[in-house]
Number of protein chains: 2
Amino acid sequence: MKRPTPGISAAERIRNSARELFYNNGIRGVGVEEIVQNAGVTKPSLYRAYESKDGLAAVYLDEFYHSCRTRFEEAEADFPDDPRGQILAYFDGMAERASRPAYRGCGLTNAILEFPDRDHPVRREAARLKQAMADWIASRVRLLDVRDPEALTAGLVLLMEGVFVAGQAFAPPGPSAHAGTVARLLLDV
Amino acid sequence: MKRPTPGISAAERIRNSARELFYNNGIRGVGVEEIVQNAGVTKPSLYRAYESKDGLAAVYLDEFYHSCRTRFEEAEADFPDDPRGQILAYFDGMAERASRPAYRGCGLTNAILEFPDRDHPVRREAARLKQAMADWIASRVRLLDVRDPEALTAGLVLLMEGVFVAGQAFAPPGPSAHAGTVARLLLDV
DNA sequence: CAGCGTAGGTACCGATCGGTAACATCGCCA
DNA sequence: TGGCGATGTTACCGATCGGTACCTACGCTG
């Protein structure tokens with residue numbers, strides 16, 4: 001019937017559907033039935049390709065992290081040998097994205113807040129990848145000659161997480177629109 | 001049977017139980033059955049005192065906001081006519097609390113992230129109260145003589161939200177431990 | 001002491017959740 | 001052409017969800 005399968009496997013369709021739904025509605029807010037319907041496949045196809053909903057969520061988180069890494073690498077490529085410019089490029093991009101009306105922040109941060117149980121596998125995976133994001137900021141600050149690198153790193157990480165959350169919590173344009181300006185304040189101390 | 005009613009009404013016991021469970025496990029992560037069991041009452045008592053689980057959640061959010069207001073007022077009382085000192089007192093307190101192992105952040109922020117649907121009544125109530133928290137910071141900054149009050153307000157709000165989230169996301173002591181230091185960086189520009 | 005209103009308890013409802021068993025059917029390749 | 005792996009179809013499971021109907025038993029007031 002719906003046998004066209006235009007070159008896209010069921011597993012991939014499910015992954016794309018889950019990415020969209022998990023990001024926009026949260027992991028707990030989406031049922032597996034909705035995922036497969038949105039993908040145009042059926043439930044057994046999901047469980048043939050992924051071990052569980054949590055397993056699919058972990059794949060989604062990994063994909064999300066890699067999209068973040070891509071942003072980091074773009075900032076590095078646009079400002080070679082200029083860690084300060086790389087940091088500012090990233091926060092300027094955040095300010096722009098977080099000012100859009102339907103902004104939904106960071107899939108990793110959202111997942112951590114959605115799963116308060118620190119032992120839950122989804123939460124653990126999200127926290128692991130989130131730490132890697134913080135590590136990137138720390139690696140940039142380490143290349144800078146500043147008085148208190150630890151405090152600056154902390155400030156930039158807190159700023160990043162603040163933008164992720166405030167972009168959703170306040171009516172746009174909220175405080176997140178000033179992310180670039182605030183990053184400059186912190187860097188110019 | 002358990003008719004003693006030691007001066008505490010069923011409604012109040014349920015409110016206390018819900019506050020503890022909602023804060024520690026999230027609103028969606030707690031069922032009404034667990035709430036009433038933890039309160040030592042039964043389900044019909046919950047629905048006699050509150051119109052629904054969402055209604056009870058709204059009461060929980062209101063209570064949480066008032067506990068935040070209390071912190072604000074304490075900071076104002078401790079540093080009268082010193083808005084800078086009031087802000088720093090608040091962020092120093094946050095840094096201390098957010099460094100504790102089982103820190104769970106802000107009930108309002110958590111609720112906003114838990115309910116991605118902007119039209120959901122719980123989400124709307126949480127967002128309304130969260131805006132009031134940001135307004136307090138704005139009111140303090142307005143008393144300061146700074147170059148860019150809008151950017152400073154945004155920076156402090158983003159810092160506050162960042163601490164709420166990072167306190168849960170990173171292994172303690174994470175970046176949130178530097179909240180006070182970062183607030184000083186922003187204020188001393 | 002009679003009677004009534006209120007709060008408590010038991011048991012249940014329909015809906016939805018994540019996950020699975022069993023079988024039909026397709027496209028592809030030897 | 002025969003067979004195999006991937007997918008679709010249908011029906012179902014047990015658990016849990018938020019919410020409620022119904023009856024009991026207390027405590028206050030006449």
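Order of the sequence lines sets the chain letters (A, B, ...), proteins ahead of strands, with each chain counted from 1.
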Sugar-phosphate only, base, or nothing, as touched by A:V36 at under 4.0 Å among non-hydrogen atoms: nothing
Interatomic distance, B:I14 CD1 vs D:dG18 C1' [rounded to whole Å]: 14 Å
Could you go step by step and tell me if A:I14 and A:Y50 meet the side chain to side chain contact (heavy atoms under 4.5 Å, CB included) rule? CA-CA 10 Å; A:I14 291 168; A:Y50 306 94; 3.9 Å; yes
Kindly work out whether a path of hydrophobic side-chain contacts (I/L/V/M/F/W/Y, heavy atoms less than 4.5 Å apart) joins B:F79 to B:I137. no
ring-ring contact (aromatic ring centres under 6.0 Å, His included): pairs with one or both residues in residues 9-41 of chain A, sequence neighbours excluded: A:F22-A:Y60, A:Y23-A:F64
Interatomic distance where CD belongs to B:Q37 and C1' belongs to D:dC17 [whole Å]: 14 Å
Please report the distance, rounded to the nearest Å, between CG in B:N25 and C1' in D:dT16. 16 Å
Closer than 3.5 angstrom, by distance alone: can the side chain of A:K53 be matched with the main-chain N or O of A:I27 as a donor-acceptor pair? yes
Considering only heavy atoms, which members of residues 115-125 of chain B lie under 4.0 Å from some atom of DNA chain D? none
Sorted by number, residues from residues 44-60 of chain B placing a heavy atom under 4.0 Å from DNA chain C are B:P44, B:S45, B:R48
Could you tell me whether a side-chain N or O of A:S99 sits under 3.5 Å from a main-chain N or O of A:P173, the two making a donor and an acceptor? no
Specify the separation, in whole Å, of atom CZ of A:R28 and atom C1' of D:dT16. 12 Å
Check step by step if side chain to side chain contact (heavy atoms under 4.5 Å, CB included) holds for B:M160 and B:F91. CA-CA 8 Å; B:M160 174 177 72; B:F91 279 100; 4.0 Å; yes
Atom CD of A:E33 to atom P of D:dC12: distance rounded to whole Å? 15 Å
Spacing of B:I35 atom CD1 relative to D:dC17 atom P, expressed in whole Å: 10 Å
Does a salt bridge link B:R128 with B:E125, judged by any charged N lying under 4.0 Å from a carboxylate O? yes
Any luck finding a side-chain donor-acceptor pair between A:N25 and A:E34 under 3.5 Å? no
Do the charged groups of B:D145 and B:R84 touch, with an N to O distance under 4.0 Å? no
Please pick, from D:dT9, D:dT20, C:dG18, the nucleotide with the shortest atom-to-atom distance to any side-chain atom of A:K43. C:dG18
